[in-house]
Amino acid sequence: IQCIGVLTSGGDAPGMNAAIRSVTRAAIAEGMQVKAIYRGFRGLISGEIREFHTEDVSNIIQRGGTILRTARCDEFTTPEGRKKAYETLKSEGIDALVVIGGDGSLRGAAALSAEYNYPVVGLPGTIDNDLYGTDITIGYTTALDTIMEAVDKIRDTASSHDRLFIVEVMGRDAGFLALNGAIATGAEAAVIPECAIGPDELTRTLKQGLRKTKNSSIVLVAESEVTGGAIGVARRVRELYPEFDVRVTILGHIQRGGSPSATDRILASRMGIAAITALIEGQRNVMIGIKNSQLVYVPFSRAIKGDKAINRDLVNAVSILST
Ligand code: F6P
């Protein structure tokens, strides 16, 4: 492999820049040329590409977002779109591709590699942590810290006013942020799609707490049709218990920004090097994952299976700690 391409795709995640830096420098250290592709698969289709040298990735490890920009590209989900992308790769002389992104991006990467027998390695870049085969994804721990800081502030006003706050966090149908966010902030409950607790159970838990010692409560809700989001949960709680003074906060895209945590920087740096090593070893169509601190190769087909399980111990922990 003489020349690799690198792109970021889908929702941005803190640590993507650290990953771009690592992929670029590891490839250059191996004597490869690096071509940076802007705006994800859209830029691959339109040819928005330029060569990267080591200085192009200086002073970015601490920055959130992605210097390569990112996009969600509908055209790439079609065979015609992927054909155009493949033609760009050929005409640019790019021999292999490193894709940094989440579930949708790795699905696209897998389709491209299957149709054209083209070498692609993926790095799990998403705050959602919803990729199978890796304990954590790049961006997840930073998003968790952001949630924790925001909910700590909400707690101040919640307790001043004796209120119940229902806080919605991101996760695109996955409860990792909500569940661990609830543990980190001492929330009374986490409503997540993987094991949604009904409004009755939720309000019972809250009432118990309020009756005993608490004058305010915080509940974290994962965005999802299954949970109904924070607005849906608040509506049901208000119907059942009009005496609760309920407020809703949707944290939204604040969760995607900010300087990456040390964990995300180190993870992205290790995974970027591993992507280049994987390509040199002849690995194809795998995502780099981390399991028990060890880097592993996860076939795309497994990574995007969509059934990464929630740890039941964590669900129990929220319940035990809210008593
Ligand atoms: O996948 C990352 C994510 O932030 C999800 O948690 C969320 O559902 C989605 O992206 C939001 O996407 P957009 O940036 O297109 O609003």
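In each ligand, atom 1 is the first atom listed, and ligand 1 is the first ligand listed. It should be emphasised that the depicted structure is a prediction, and the values quoted were computed from it without experimental measurement.
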Let me have the donor-acceptor pairs involving side chains of residues 289-304, under 3.5 Å, with sequence neighbours excluded, atom names and distances please.
unit_1 : atom_1 : unit_2 : atom_2 : d
K291   : NZ     : D135   : OD1    : 3.4
Y297   : OH     : E281   : OE1    : 2.9

Does S46 have any side-chain hydrogen bond (donor to acceptor under 3.5 Å, both in side chains) partners at least two apart in sequence or in another chain, and if so, which?
none
Evaluate the ring planes of F41 and F76, with Trp represented by its six-membered ring, and classify them as parallel (under 30°), tilted (30 to 60°) or perpendicular (over 60°).
parallel
Value for CD (Q33) from CD1 (I1), rounded to nearest 0.5 Å, stands at 13.5 Å
In this structure, which one of V120, V286, V121, L97 forms a side-chain contact (heavy atoms from CB on, under 4.5 Å) with S113?
V120
Any protein N/O atoms within less than 3.5 Å of an N/O atom in ligand 1? List the atom names and distances, or say none.
unit_1   : atom_1 : unit_2 : atom_2 : d
ligand 1 : 1 (O)  : D128   : OD2    : 2.8
ligand 1 : 4 (O)  : R256   : NH1    : 2.8
ligand 1 : 6 (O)  : D128   : OD1    : 2.7
ligand 1 : 6 (O)  : G171   : N      : 3.1
ligand 1 : 6 (O)  : E223   : OE2    : 3.3
ligand 1 : 8 (O)  : E223   : OE2    : 2.5
ligand 1 : 10 (O) : R72    : NH2    : 3.0
ligand 1 : 10 (O) : R256   : NH1    : 3.1
ligand 1 : 12 (O) : R72    : NH2    : 3.0
ligand 1 : 14 (O) : H253   : NE2    : 3.2
ligand 1 : 14 (O) : R256   : NH1    : 2.9
ligand 1 : 14 (O) : R256   : NH2    : 2.8
ligand 1 : 15 (O) : R72    : NE     : 3.1
ligand 1 : 16 (O) : H253   : NE2    : 3.0

Can you list the residues that meet the salt bridge (Lys or Arg N to Asp or Glu O under 4.0 Å) rule with E75, with sequence neighbours excluded?
K84
